[in-house]
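These notes are about the structure you will find just below.
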Amino acid sequence: MTRSIVFPRAILAAETETAARRLLGALLVRGTGPEARVGRIVEVEAYVGEDDLASHARFGRTRRNAVMFGPPGVAYVYLVYGMHHCLNVITEPAGRPAALLVRAVEPVAGVDSMRAARIDRAVRRAGRRGEAAIERTRSALAGMPAEHLAGGPGLVCDAFSIDESDSGLDLCDAASPLRLEIAVGDATLPVEMGPRIGIDYAPEPWRSRPWRFFVPGSPSVSTGPRRGPGGSAP
DNA sequence: GCAAAGATTTGCT
DNA sequence: GCAAATCTTTGCC
């Protein structure tokens, strides 16, 4: 039985780059009891301030990104490319728009539920291409290693059944259906940095800022569009 | 009001 | 290696 210790909001209230290092290794949790889905965060990306021309906050405060301007510890979920969801954790004090995009998670518990959730959404998408496509999708996910089930920002949301309705949830509230917890007994984690992925639209110097943080060696770490050679296994 | 693009993933050439 | 899928938000007329 794992003791649940809610993730301290104070850590997220700090500078986003500092918060990123502390968020790595933390647990993302959906639900309670034996049914709970739990994953260890191994990859995040920082989006900091209105100056950051890769961030949604670059347009100023809008209806979609309003939560980014709110207090730290809150979830910001949005839809990208019309089909995938992305989960962010708000950082820094209210008034300053900043967040950490959760790019990859290493499953710890509730793996069967995660797999079922992945299949549920994947099958829904494959449905339009016919029965054969559905069967291929189902079979591919049934045989997928657990560590790859949430190895990407859209996949994290699929595995944890996250969508826009979760946006605004307080992830630092022990009573929240979706929340963050401290991993007990986790020693200091090695952390590597690199440029953010999928933001080629942003001009320099934002495009090259090393604001992607990940745990080297984790089999769950993504490398962006299409798993590249030499990416997942450093 | 309409056109364009996106913090992605998957499948096919 | 490239393009499709798919729909909300943003930007410009």
Side-chain angles (χ1 to χ4, degrees), chain A residues 16-17 20 23 41 43-69 75-91 97-105 114-115 117-144 148-160 162-167 193-203 206-214 220-232:
Chain A
T16 305
E17 289 180 71
L23 190 56
I41 298 175
E43 180 183 5
V44 298
E45 271 178 8
Y47 290 85
V48 189
E50 297 184 59
D51 292 347
D52 182 358
L53 294 185
S55 172
H56 287 170
R58 69 186 182 280
F59 303 117
R61 185 186 183 124
T62 66
R63 180 142 148 213
R64 175 173 68 162
N65 68 18
V67 62
M68 286 188 78
F69 291 75
Y76 169 43
V77 182
Y78 61 88
L79 186 67
V80 271
Y81 299 109
M83 40 168 48
H84 297 292
H85 296 277
C86 286
L87 168 69
N88 296 256
V89 180
I90 303 306
T91 56
L100 290 168
L101 167 67
V102 178
R103 285 196 59 93
V105 152
M114 293 183 200
R115 194 183 303 276
R118 280 289 313 275
I119 289 174
D120 194 58
R121 287 194 180 177
V123 161
R124 209 180 300 266
R125 286 191 280 255
R128 293 168 163 79
R129 295 199 322 277
E131 204 57 41
I134 289 179
E135 205 32 62
R136 271 197 305 275
T137 300
R138 198 186 294 279
S139 149
L141 280 168
M144 181 174 289
H148 288 157
L149 284 175
L155 305 181
V156 168
C157 289
D158 280 356
F160 282 77
I162 294 167
D163 63 24
E164 302 93 335
S165 70
D166 295 306
S167 204
M193 310 156 44
R196 294 173 289 182
I197 292 168
I199 55 153
D200 287 351
Y201 56 85
W206 313 108
R207 185 206 283 257
S208 301
R209 285 267 145 94
W211 282 353
R212 169 173 170 258
F213 302 80
F214 59 97
S220 303
V221 170
S222 78
T223 55
R226 206 44 154 195
R227 253 189 155 73
S232 61

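Just so you know, these numbers use all the heavy atoms, side chains as well, and skip hydrogens, waters and symmetry mates. Here is how names work: the chains are called A, B, and so on, in the same order as the sequence lines, proteins then strands, and each is numbered from 1. Bear in mind the structure is a predicted one, so any value in this text is a computation, not a measurement.
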| said: Quick check: do N88(A) and Y78(A) have side-chain heavy atoms less than 4.5 Å from each other? | reply: yes

| field | L79(A) side chain, from C-beta outward: closest of dT9(B), dC7(C), dG11(B) | value | dC7(C)

| Any Lys/Arg nitrogen of R103(A) or E45(A) sitting under 4.0 Å from an Asp/Glu carboxylate oxygen of the other? | yes

| task | Starting at atom CZ of R124(A), determine the distance to atom C1' of dT9(B), rounded to an integer number of angstrom. | result | 17 Å

| request: Return yes if some donor-acceptor pair links the side-chain N/O of R118(A) with the main-chain N/O of A159(A) below 3.5 Å, else return no. | output: no

| request: Could you work out which one of dT6(C), dA7(B), dT10(C) sits closest to the side chain of Y78(A)? | output: dA7(B)

| task | Indicate, with a heavy-atom threshold strictly under 4.0 Å, whether A54(A) touches base, sugar-phosphate, or nothing. | result | base

Sequence neighbours left out, cut at 3.5 Å: what donor-acceptor pairs do the side chains of residues 130-141 of chain A make with other protein atoms?
| unit_1 | atom_1 | unit_2 | atom_2 | d |
| --- | --- | --- | --- | --- |
| T137(A) | OG1 | A133(A) | O | 2.9 |

| request: Counting Watson-Crick and G-U wobble pairs whose two distances are both under 3.5 Å, find the runs of 3 or more in a row that involve DNA chain B. | output: B:1-6 with C:7-12, B:8-12 with C:1-5

| Can you find a pair of side-chain heavy atoms, one from F160(A) and one from V105(A), that are under 4.5 Å apart? | yes

| What does Y81(A) touch in the nucleic acid at a heavy-atom separation under 4.0 angstrom: a base, only the sugar-phosphate, or nothing? | base

| request: Can you tell me, in whole Å, how much space there is between the P of dA5(B) and that of dA3(C)? | output: 15 Å

| How long is the line joining CZ of R58(A) and C1' of dT9(C), in whole Å? | 11 Å

| said: Under 4.0 Å, counting only non-hydrogen atoms across every strand here, what does R125(A) touch: a base, just sugar-phosphate, or nothing? | reply: nothing

| Heavy-atom side-chain proximity of R125(A) to H84(A) below 4.5 angstrom | yes

| note | R207(A) atom CZ is separated from dA7(B) atom P, nearest whole Å, by 13 Å

| Candidate nucleotides dG11(B), dT8(B), dA7(B), ranked by approach to the side chain of H84(A) - the nearest | dT8(B)

| Taking the side chain of L155(A) as its heavy atoms from C-beta onward, which of dT8(B), dG11(B), dT10(B) lies nearest to it? | dT10(B)

| field | Short N-O contact, R58(A) and D52(A), less than 4.0 angstrom | value | no

| message | Let me spell it out: for each of L141(A) and G198(A), pick the nucleotide of DNA chain B with the closest heavy atom. Which residue's pick is nearer the 5' end? | response | G198(A)

| task | Look at the side-chain N and O atoms of H56(A) and state whether any lies under 4.0 Å from the OP1 or OP2 oxygen of dA7(B). | result | yes

| query | Between dT10(B) atom P and H148(A) atom NE2, what is the distance in whole Å? | reply | 12 Å

| For dA7(B), does either OP1 or OP2 sit under 4.0 Å from a side-chain N or O belonging to S55(A)? | no

| task | Take the protein atom CH2 of W206(A) and the nucleotide atom P of dA7(B), then report the distance between them rounded to whole Å. | result | 16 Å

| said: Just N and O in the side chain of Y76(A): are any of them under 4.0 Å from OP1 or OP2 of dA7(B)? | reply: no

| task | Using side-chain contact (heavy atoms from CB on, under 4.5 Å) as the criterion, point out the one residue from P97(A), C86(A), S167(A) that pairs with Y76(A). | result | S167(A)

| field | Euclidean distance, atom CE of residue M144(A) to atom C1' of dT10(B) [Å, nearest integer] | value | 11 Å

| Out of dT6(C), dT9(B), dA7(B), which has the shortest distance to the side chain of R128(A)? | dT6(C)

| task | Report which part of the nucleic acid L101(A) touches: base, sugar-phosphate, or nothing (heavy-atom distance under 4.0 Å, all strands). | result | base

| Can you check whether R212(A) reaches V221(A) side chain to side chain, under 4.5 Å on heavy atoms? | yes

| Distance below 4.0 Å between R136(A) side-chain N/O and dT10(B) OP1 or OP2 | no

| task | Using a 4.0 Å heavy-atom cut-off across all strands, classify R196(A) as base, sugar-phosphate, or nothing. | result | nothing

| Rounding to a whole Å, what distance do you find between E164(A):CD and dT9(C):C1'? | 12 Å

| field | Same-atom distance (P) from dA4(C) to dA4(B), integer angstrom | value | 16 Å

| request: Check every strand shown and say whether R63(A) touches a base, only sugar-phosphate, or nothing at a heavy-atom separation below 4.0 Å. | output: nothing

| task | Select base, sugar-phosphate, or nothing to describe what R118(A) touches, counting heavy atoms under 4.0 Å on all strands. | result | sugar-phosphate

| field | Whole-Å distance separating the CG atom of L53(A) from the C1' atom of dT10(C) | value | 15 Å

